[in-house]
Amino acid sequence: MTVPPPRDQAELIARAAELAGLRLADLAARLGAPVPPDLRRAKGFVGGLLERALGATAGSRAVPDFPELHIELKTLPVDRAGSPVESTFVCTIPLTEIGEVEWADSRVRRKLSRVLWVPVEGERAIAVGERRIGQALLYELTVEDEALLRADWEELAGYIGRGHVEELRGHLGKVLQIRPKAAHSRARRLGFDADGAPFAALPRGFYLRPSFTGALLARHFALPR
DNA sequence: GATTGATCATGT
DNA sequence: ACATGATCAATC
């Protein structure tokens, strides 16, 4: 079963609304996809399933999931109270270029400008197929959120731009953090040190802290916090 | 229990 | 190689 791309924003929202309450096993059956016993070897299963169900087309290309609508799709694993149980990967970091990039042109800002968040039960105690899909939220970057993200981004990108990528640890950043993003810890890509000399750096990515995504959901759905 | 660092699968 | 989709698992 193949779902065509949504014609417009309203169609996308309607499709997402129709999925609320479904178990992942229901959706997988509808699409003719097998459900893995757990996510250890299928970490992208939930995201991929929702992409197919909603008609996302981008695949692995570096464009939004719904390019014509300028909307990014993110599934968000949550507990029974609606709080995120994981951080949210945003994008990889172009180590050799980010020092020259302005926030306004950054990958982080582009990615988070418009996001269709789909909460999905994500507690490991619930079998993958039994996890239910929640009500989606079409989010547009707010002035307040942008200020928070920009402050973190400028601090973090500044480290890299000055050649201090190796000093970056996950604890930096109030709402946005930088963590490794690689197949394994021996992976390396080109970076520059403080003297501008090239070296083999650990690939890294930007992630949103659960407190940020949790606040975003709570605001929209008026959840108790 | 929350957080940080490590890791898995797939597509272009 | 590096982008996409993330969660796992060791450690704090």
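Remember, predicted model here, so these are calculated numbers, not experimental data. Because only heavy atoms are used, hydrogens play no part in the values below, and waters and symmetry mates are left out as well, while side chains stay in. The sequence lines fix the lettering, A, B, ..., with proteins before strands; numbering per chain opens at 1.
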remark   = Per-nt protein contacts along nucleotides 4-12 of chain C (heavy atom under 4.0 Å; B base, S backbone sugar-phosphate only, - none) come out as BBBBBB---

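- The CZ-C1' distance, from R204(A) to dA3(C), rounds to 19 Å in whole Å.
- Between R7(A) and E11(A) a salt bridge is recorded (basic side-chain N to carboxylate O distance below 4.0 Å).
- Both A183(A) and L172(A) sit near DNA chain B, but only L172(A) has its closest nucleotide nearer the 5' end.
- Classification of R204(A) and E166(A) as a salt-bridged pair holds, one side-chain N sitting under 4.0 Å from a carboxylate O.
- OP1 and OP2 of dT3(B) both lie 4.0 Å or more from every side-chain N or O belonging to Q177(A).
- Using a 3.5 Å distance cut-off with no hydrogens or angles, the side chains of R179(A) and S87(A) do pair a donor with an acceptor.
- Distance R186(A) CZ to dG5(B) C1': 14 Å, rounded to the nearest Å.
- Considering every non-hydrogen atom in both E146(A) and R109(A), the closest pair reads OE2-NE, 2.8 Å.
- For R110(A) and dA3(C), the CZ to P distance is 12 Å, given to the nearest whole Å.
- In the hydrophobic cluster analysis, where Ile, Leu, Val, Met, Phe, Trp and Tyr join through side-chain heavy atoms closer than 4.5 angstrom, I93(A) is grouped together with F199(A).
- For E123(A) and R132(A), the salt-bridge test fails: no basic side-chain N is under 4.0 Å from an acidic carboxylate O.
- Applying the 4.0 Å criterion to OP1 and OP2 of dA2(B), one finds that R209(A) has every side-chain N and O outside that range.
- The interatomic distance linking H184(A) (NE2) with dC8(B) (P) rounds to 9 Å, in whole Å.
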